[in-house]
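Just below is one structure, and these are the notes that go with it.
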Amino acid sequence: MNPSPRILGIETSCDDTASAVVEGATLRSSVVSSQDLHAAYGGVVPELASRDHQRLIVPVVQQALQEAGLERDALDAVAATYGPGLAGSLLVGLSFAKALALGLGVPFIGVNHLEGHIYSAHIAPPRPPFPYLCLVVSGGHTQLIRVEDGFAHTVMGRTRDDAAGEAFDKIARLLRLGYPGGPAIDQAATDGDPAFRAFPRASLEGYDFSFSGLKTSVLYYLQDHEDDAREALLADHTADLAAAVQQAIVDPLIDALRRAIAETGIRDVAIVGGVSANRQLRAEARALCAAADARLYIPDPAYCTDNAAMIAVTAFHKWQAGLTSPLSLTAEPALTL
Ligand code: KG4
Ligand code: ZN
């Protein structure tokens, strides 16, 4: 078997049209076209997202091949995300990838988007050794996973309602900070006082999370102020509220990691997904790992949010494990780990 296959990866599960090429474990190119048309609606509009993927998929794939310096007939396999995600969006990348693999006569590799986020920790060195703990924190998912070699994962905990990124996005809207909310709260919190208000943290058994109570509590807190008082509060204390909300989201994530390191004895920790770009989360995770004598792996910010480099790298690990997919593979919007 070719030890350094050239694999094209495609990611279209939400609102980013992305393609990347790996040669073995080495990333050759990564192109992401983010659809900014959704900002005007305050969230992703599925119908518009799939139409934009249709428009962008060919140029994005062509650019990924060009930046890798490859003709398409040099590819050894084609990979794409098949779930979880928006059905219409997934179908664009998945159908394109299957058709390309069929036309080239090379294997097709379907990739679980969540495995893609996990393997974003393997895009560039230092790469975590197996087994390691992985916190997947994105707009759609919040899970703590024990990652073993050969795609044997154990989900130790997950959110019971909103994902961490979803909490950032929904609360940012309440604070009128715009969309996507995570980067907006991160930025707004820079000079804020996290102790301005103690928003609630859910305390659940094990490693599960819950963030919907926090969102409701911010809503009620704002509603408790009369119109003028609310305007004054938002005018004077947006930074403080952003910092307090950010702290209420980061605390349970860090607490779960602390307990998981102590309980499992695993000293390699990865944090992946869009929320891993959060500066407070990164700083606290660094401090935690330094205190626990653990090593922390957080991908370059470009690979924290959705991208195809993580899909191509996951596909390479699947190739090594002999895991290719049938062309009958269909989109699985509710796929889990
Ligand atoms: O992984 P991702 O690009 O897409 C999903 O698979 O969901 O994650 C997007 C999420 C959004 O909710 C966004 O608000 C959040 O990641 N995010 C952040 C930051 N940057 C992106 N959340 C907090 N702080 C950030 N700096
Ligand atoms: Zn994602």
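Values reported hereafter were calculated over all heavy atoms of this structure, with side chains retained and with hydrogens, waters and symmetry mates removed. When a ligand or atom number is given, it counts from 1 through the structure's own listing order.
Ring centroids of Y220 and F199 are separated by 6.0 Å or more, keeping the two rings apart.
Listed by first then second residue, pairs satisfying side-chain hydrogen bond (donor to acceptor under 3.5 Å, both in side chains) with a partner in residues 322-337 number zero, not counting sequence neighbours.
Neither the backbone nor the side chain of H141 comes within 4.0 Å of ligand 1, counting heavy atoms alone. With a heavy-atom cut-off of 4.0 Å, H113 touches ligand 1 through its side chain alone. For D186, every heavy-atom contact with ligand 1 shorter than 4.0 Å involves the side chain, none the backbone.
Polar contact with ligand 1: present for G139 (N/O pair, distance under 3.5 Å). Remark: ligand 1 and D169 share an N or O pair separated by less than 3.5 Å (distance only, no angle test). Polar contact with ligand 1: absent for G273 (N/O pair, distance under 3.5 Å).
Aromatic ring pairs are classed by plane angle as parallel below 30°, tilted from 30° to 60° and perpendicular above 60°; the pair F130 and H317 is perpendicular.
A salt bridge does not link E71 with R6: every distance from a Lys NZ or Arg NE/NH1/NH2 to an Asp or Glu carboxylate oxygen is 4.0 Å or more.
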Test Y303 against Y119 for ring pair (Phe, Tyr, Trp, His ring centres under 6.0 Å), laying out the working first.
CA-CA 10 Å; Y303 305 123; Y119 277 84; over 10 Å; no
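The two atoms that bring I249 and A167 nearest to each other are CD1-CB, 3.9 Å, heavy atoms only.
Shown here are the protein N/O/S atoms lying under 2.8 Å from the Zn ion (ligand 2), water excluded: H113 NE2, H117 NE2, D306 OD1.
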